[in-house]
Colleague: 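Let me begin by handing over the structure; questions about it come next.
Basis for what follows: all heavy atoms, side chains included, without hydrogens, waters or symmetry-related copies. None of the values given here were measured: they were computed from a predicted structure.
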Amino acid sequence: MADHDTMSEDQLLSKYRSHIMGYAILLVVSFHSSVITSQEPFVTLRYLNVGSVDMFMFLSGMGIYQSLKRNDISTFFAHRLIRILPTWLSYLLICIVVGYLHARIRFTGIEVIGFATFTGYWLQLPNQGNWYVYAIMLFYAVSPLLVAISDKAVERKYAGLLMIGLALLFSVPFHGRRSLMAMSRVPIYLTGILFSAGMLKQFDEKAVKKIRRLLAGVGLVVYI
């Protein structure tokens, strides 16, 4: 307990990042589950979990920054592929078999290639599984650039300007498109990177608390 008292908030978040990510995954599963959600208060509790993906994106950005600082780019990409590709290809195989046997869905060759190469969602191909994996793989691909930009932004105290700029860049042009669900998460992912890069060191502690209260209030109003 004494150790926790001497740790800063960013150190605590980094220490328990994996635990919080596990909790966020449970919230995602809860949001998409149809089990015991047809009655109140389960319906309300389910939709309170709508921000769980954003929580996971933020924590992923934190971890990716730290990973890129520990490893060279080739090692970084190798680790990401080793962790994701076997599970993703197994999922593809299950989708093909189940679709053929029960759902009467026939995957075309281009759909299989799009699925296997994490490009099908962006090409708007049918039968491509969940959008999240395509988004996170794209984010991984551009992470070395995002980390380099973030380090410069934090050094020159342009982190806030960078976040606002990317929020507009990756939201407004995709308005009304299916890909908005993925692209609008880029600023959240970037915020995690900036957090690990030391963004909070730019701000006075009292100012940070005021910003948190303001954002919490805005979030509550928007939700209601």
Side-chain angles (χ1 to χ4, degrees), residues 21-22 24-34 50 52-68 70-150 166-193:
M21 291 180 81
I25 291 173
L26 292 177
L27 294 182
V28 171
V29 172
S30 172
F31 178 76
H32 288 285
S33 174
S34 59
V50 71
S52 50
V53 171
D54 302 304
M55 184 189 306
F56 198 91
M57 283 289 188
F58 172 82
L59 295 169
S60 294
M62 283 184 60
I64 290 306
Y65 179 89
Q66 295 164 10
S67 179
L68 279 167
R70 291 193 305 266
N71 303 294
D72 57 48
I73 294 178
S74 60
T75 302
F76 166 78
F77 283 124
H79 286 171
R80 303 281 82 73
L81 289 175
I82 290 172
R83 293 181 62 180
I84 294 176
L85 199 56
T87 302
W88 185 244
L89 294 180
S90 299
Y91 174 47
L92 169 59
L93 180 60
I94 292 171
C95 288
I96 293 174
V97 173
V98 172
Y100 182 83
L101 295 178
H102 298 288
R104 296 183 179 179
I105 297 174
R106 302 294 186 269
F107 280 74
T108 64
I110 191 65
E111 289 170 4
V112 172
I113 293 173
F115 201 123
T117 59
F118 307 102
T119 59
Y121 173 81
W122 306 112
L123 297 174
Q124 300 187 24
L125 299 176
N127 305 320
Q128 294 301 300
N130 191 277
W131 66 270
Y132 174 82
V133 178
Y134 295 90
I136 202 66
M137 290 303 290
L138 176 63
F139 295 175
Y140 288 163
V142 299
S143 285
L145 177 61
L146 290 178
V147 166
I149 293 174
S150 297
L166 284 188
L168 294 173
L169 178 63
F170 288 101
S171 296
V172 176
F174 295 92
H175 179 70
R177 302 183 185 182
R178 188 177 65 173
S179 54
L180 176 64
M181 183 179 296
M183 300 308 293
S184 62
R185 262 64 184 221
V186 173
I188 300 168
Y189 182 77
L190 176 68
T191 303
I193 291 176

Colleague: Is the backbone of M181 close enough, under 3.5 Å, to the side chain of R185 for a donor and an acceptor to pair up by distance?
Modeller: yes
Colleague: Just how far is it from atom CD1 of I188 to atom CZ of F56, taken to the nearest 0.5 Å?
Modeller: 13.5 Å
Colleague: Can you name the closest pair of heavy atoms from S150 and I193 and give their distance?
Modeller: OG-CG2, 3.5 Å
Colleague: Measuring from L85:CG to T117:OG1, what's the distance to the nearest 0.5 Å?
Modeller: 10.5 Å
Colleague: Quick check: are there more than 12 heavy atoms from other residues, nucleotides or ligands sitting under 6.0 Å from CD1 of I73?
Modeller: no
Colleague: Give the minimum heavy-atom separation between L138 and M183, together with the two atoms involved.
Modeller: CD2-SD, 4.2 Å
Colleague: Would you indicate whether the side-chain heavy atoms of W122 and S179 approach each other to under 4.5 Å?
Modeller: yes
Colleague: Can you see which heavy atom on R106 is nearest to which on E111, and at what distance?
Modeller: O-OE1, 3.9 Å
Colleague: Distance check, rounded to the nearest 0.5 Å: M21 atom CE versus M55 atom CE?
Modeller: 11.0 Å
Colleague: Roughly how far, to the nearest 0.5 Å, is the OG1 atom of T191 from the CG atom of L59?
Modeller: 11.5 Å
Colleague: Is there side-chain contact between N127 and C95, with heavy atoms separated by less than 4.5 Å?
Modeller: no
Colleague: Which atom pair, heavy atoms only, marks the closest approach of A135 to M57?
Modeller: CB-CE, 4.3 Å
Colleague: Find the distance between CG (D72) and CZ (F77) and round it off to the nearest 0.5 Å.
Modeller: 10.5 Å
Colleague: I want to check something: taking the side chain as every heavy atom from C-beta on, are F115 and Y121 in contact at a cut-off of under 4.5 Å?
Modeller: no
Colleague: Check F170 against V186 and note the closest heavy-atom contact, atom names and distance.
Modeller: CD1-CG1, 3.7 Å
Colleague: In terms of the angle between their ring planes, are Y91 and W88 parallel, tilted or perpendicular, with boundaries placed at 30° and 60°?
Modeller: tilted
Colleague: Using modelled atom types only, decide if a donor and an acceptor are shared between the side chain of T75 and the backbone of N71 within a distance under 3.5 Å.
Modeller: no
Colleague: Kindly indicate whether the side chain of W131, heavy atoms from C-beta on, has any atom under 4.5 Å from the side chain of I136.
Modeller: no
Colleague: Heavy-atom distance under 4.5 Å between the side chains of F139 and L146, does that happen here?
Modeller: no
Colleague: Going from CG on L92 to OG1 on T87, what distance comes out if it is rounded to the nearest 0.5 angstrom?
Modeller: 12.5 Å
Colleague: Could you report the tightest heavy-atom contact between G120 and Q128, atom names first, then the distance?
Modeller: CA-OE1, 3.2 Å
Colleague: Is there a donor in the side chain of Y189 and an acceptor in the side chain of S143, or the other way round, less than 3.5 Å apart?
Modeller: yes
Colleague: Can you confirm whether I105 sits close enough to Y100 that some side-chain heavy atom of one is under 4.5 Å from a side-chain heavy atom of the other?
Modeller: no
